[in-house]
Amino acid sequence: MRYLMMSKDSGDSTPDEKLFADMAAFVEELSAAGVLLATGGLGPDGIRVSSKGDEITVTDGPFAEAKEAVAGFALVEVRSKEEAIELTRRFRKIVGDGESVIQQVFGP
Amino acid sequence: MTDVRRAVDAVFKLEAARLVAGLTRLVRDVGLAEELAQDALVAAMEQWPGSGVPDNPGAWLMAVAKRRAVDHIRRAETLDRKRAELAREVREEDAAQDKDDVLRLMFLSCHPVLPTPARVALTLRLLGGLTAAEIARAFLVTEAVITRRIAEAKRALAEVPFDLPEPDAMAARLSSVLEAVYLIFNEGYSATSGDDLQRPALCQEALRLGRLLAELAPQESEVHGLVALMEIQASRTAARTGPDGEPVQLHEQNRGRWDRLLIHRGFTAMLRARQIGGPPGPYVLQAAIAVCHAQARSADDTDWPRIAALYAALVRVLPTAVVRLNQAVAVGMAHGPEAGLALTDAISLPDYHLLPAVRGDLLLRLGRETQARLEFERAANLTTNAAERAFLLRRADAIVPTPTTRTLGQACADFLAREDLGPSTIRSYAQTLRRLCRSLGDNKPLDATTATDIATVFNSTWDKAAPKTWNRHLSAVRTFAKWSSLDSLDGELERRPETSEPAKPAPLQGIWELPDVPLREQTLWRLLHESEAKVTTVLAINIEHLDLADRRARVRGTWVTWRSGTAALLPALVADRPSGPLFLSDRRPGPARTPSPDDLCPHTGRRRLSYERAEYLFKQATRALDPDGYTLRGLRTG
């Protein structure tokens, strides 16, 4: 099963070299284990496209407080929900304060 | 399992490979290492629910296992120098992971001394961290079977060194590992038995093992080939079963449901394999075939000639019957079903359901429905997978054996070739059927020939014919219709009554007064009128039958009598002929037409006057009285 892990940027700590190194090792380990399918960071300025009736509205971001915005994602393939939680736990240990949301992905 | 136990189990599975690998290096016995890892798991189950999962669970588990290892070695009855040394080493040596440990563990659990099922079970156990119960469930065997399999495997491996293979043994050892991984994948991908067509968990384990192996042995192109193959095959998981779990064949799959992410990973793995270079091995070739399919936007876009060429290369490195069967499929698509079918003829796979299934496909494309149906039924009987059997039976049932489209011409030819009909019957039938074929076309499909078609031909051809002729043609069609099982062919036609209408009475006075009537006609007409005998009877009279005195003749067992009119004419007609037909034609017969001696005049060599000729002459002569003329029979009633 697949889970998408979306992490918000706490915004109050600047990443140091150790964090980069730890993250790189973590990503490498998960890739090697065949768990990490895709990962990436998200730009702060989103574009909102909304629809109402026949009308489509396009609005430039940003829309939320920096710490509310999703800053990165990881798509993982795991055996169980518990495994997804464990991986997220490890991720949070590395990046420090903040919040991640994991949701199961269905399809394609 | 409680939530906490599930969490511990998830962590253990993540750590199992490294844990067992590191421990095996330390204690030099994979069986012992596995037991120690289980001990550590039990400890975690006891402690983590209270204390929470430690920050570095892998290190925690390793520390516990190492302690147990030292205890174990000390407990051994004879603590000789060697064991003491080992205990010290275990205690002191840094368990820091050497990534080659996991690779060593893979080679060990797929060691050639083990039978294949043991390799598969052990690999799932040691590298995937699966319990015996989980493995048993995946392979639909009892837990006891797996437990025994693993125990035997561990014993067999007790003396095997925990090393990477020597370079010259590398290829063989690696192929043993790849085989086990692909076997796990296939067991999940095309479950060989049971009601589920796929057991996704096994596919996922195999993919993880493959991806892991690719990181551990990145210089081996076959490893990347296997990963590419599995990624691309797994990308079709959602599309390859229908709503009721039935298999959907590759060319019918909704390609929109293919997992592009996995396809992309497969392509990437394929690129890595190509970068390494060297002659392509079986997995790289199979992956290249999978890539071809993945690249085709639709089934019709599939580059079958390229796939057939790749199979030709694959058959050279992996000449198994299954590969040759797949080659036959590709060749069938690239170069036509005939070529594919020819390849399947040489394949011997007695109990493999896909052979008859493939043959069924090819035969169907060749229009050989009956044989195709038999092959699909055979395939259904051979498979143990319920969904696949249902699918094959549906394919068999979908074939409605259409009778080979026979043409009217063929059917008529076959009908006329019957040996149970006499030659004259055949001749008569042939007349009718040839006419039908000429009017309707030899190539008209027999089953498209309708009663209306037949009626149209009859009405345009024989409507004016005598009822007897009409009925003769009709009975020919009826016999033919019955023979060809098209009973309704004569449905719009009816027999005509043969009792002919009374002939139009001839106006006798006018006839007797017709000028320039030859003696023969005068005599014949008078005789017909006075005797009221049948025309054929009168024409059959021979001179020797005549009894001029009594004005009668004995012919064909009946008496013909006449009166004065005939009596006045007869002597002149007979003249000095002593015998032979009374009424003679004007001419001698041509050399090609030899009448029977009875119809020939022995004195003049002329033949008996025929009914047709006599009728014709009468009709011509009486046209002076009526534009239609009269018939000889009219003389009898006139």
Side-chain angles (χ1 to χ4, degrees), chain A residues 1-7 13 16 18-19 21-42 72-108, chain B residues 1-15 17-18 52-58 97 99 102 127-130 134 200-201 203-216 218 227 230-231 234-239 254-265:
Chain A
M1 59 186 78
R2 287 179 183 175
Y3 278 86
L4 183 64
M5 178 173 92
M6 289 156 290
S7 298
S13 66
D16 57 8
K18 183 180 179 307
L19 183 113
D22 287 352
M23 268 307 291
F26 185 59
V27 166
E28 198 177 314
E29 183 197 328
L30 287 189
S31 299
V35 171
L36 186 63
L37 295 180
T39 186
L42 303 182
F73 78 93
L75 182 65
V76 292
E77 194 155 65
V78 291
R79 297 179 177 97
S80 59
K81 181 183 80 181
E82 287 74 18
E83 198 170 283
I85 295 170
E86 172 63 19
L87 294 176
T88 311
R89 202 183 63 80
R90 292 184 188 188
F91 172 75
R92 296 274 19 137
K93 283 278 178 192
I94 296 169
V95 294
D97 297 350
E99 186 178 289
S100 293
V101 175
I102 52 175
Q103 286 173 285
Q104 192 175 352
V105 178
F106 297 102
Chain B
M1 230 193 279
T2 64
D3 282 356
V4 182
R5 287 174 69 90
R6 263 204 282 271
V8 176
D9 182 61
V11 173
F12 180 77
K13 282 187 166 67
L14 284 174
E15 302 296 335
R18 276 178 303 190
V53 178
D55 282 357
N56 189 339
Q97 284 305 309
K99 85 173 191 178
V102 176
L127 290 134
L130 268 62
E134 285 168 323
C203 289
Q204 204 180 323
E205 287 301 334
L207 267 169
R208 286 173 87 136
L209 288 168
R211 291 167 185 159
L212 178 61
L213 193 55
E215 292 298 323
L216 298 177
V227 171
M230 292 193 299
E231 300 273 16
S235 77
R236 303 178 199 139
T237 300
N254 176 356
R255 290 173 191 231
R257 299 190 69 203
W258 285 0
D259 188 334
R260 305 312 303 185
L261 181 61
L262 291 185
I263 290 176
H264 177 75
R265 290 178 68 93

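Just so it is clear, the model here is predicted, and its values are computed rather than measured. Heavy atoms only: backbone and side chains are in, while hydrogens, waters and symmetry mates are out. Letters go in sequence order (proteins before strands), and every chain restarts at 1.
Of the two parts of A:L30, neither the backbone nor the side chain holds a non-hydrogen atom closer than 4.5 Å to a non-hydrogen atom of chain B. Heavy atoms closer than 4.5 Å to chain B are found nowhere in A:I85, neither backbone nor side chain. For chain A, the nearby parts of B:V53 are the backbone and the side chain; heavy atoms of each come within less than 4.5 Å.
When side chains are defined from C-beta on, A:R89 does not count as touching B:V11, because their heavy atoms never get closer than 4.5 Å. Contact annotation: the side chain of A:R79 approaches that of B:E205 to within less than 4.5 Å [non-hydrogen atoms, C-beta and beyond]. Looking at A:E82 and B:D9, their side chains never come closer than 4.5 Å, going by heavy atoms from C-beta outward.
Note on B:L262, B:L216, B:D55: by heavy-atom pairs under 4.5 Å with chain A, the leading option is B:D55.
Of the charged side-chain nitrogens involved, at least one lies within less than 4.0 Å of a carboxylate oxygen, so that B:R211 and A:E77 count as a salt-bridged pair.
Summarising the local packing, CD of A:E28 is surrounded by 12 or fewer heavy atoms from other residues, nucleotides or ligands at distances under 6.0 Å.
Rounding to the nearest 0.5 Å places CG of B:L14 at 4.0 Å from CD of A:E83. Between B:K13 atom NZ and A:E86 atom CD the span is 13.5 Å, to the nearest 0.5 Å.
B:Q204 and A:V78 make their closest contact through NE2-O, 2.8 Å (heavy atoms, listed as atom of the first residue, atom of the second, distance). Nearest heavy atoms, A:R2 versus B:L261: NH1-CD2, 4.1 Å.
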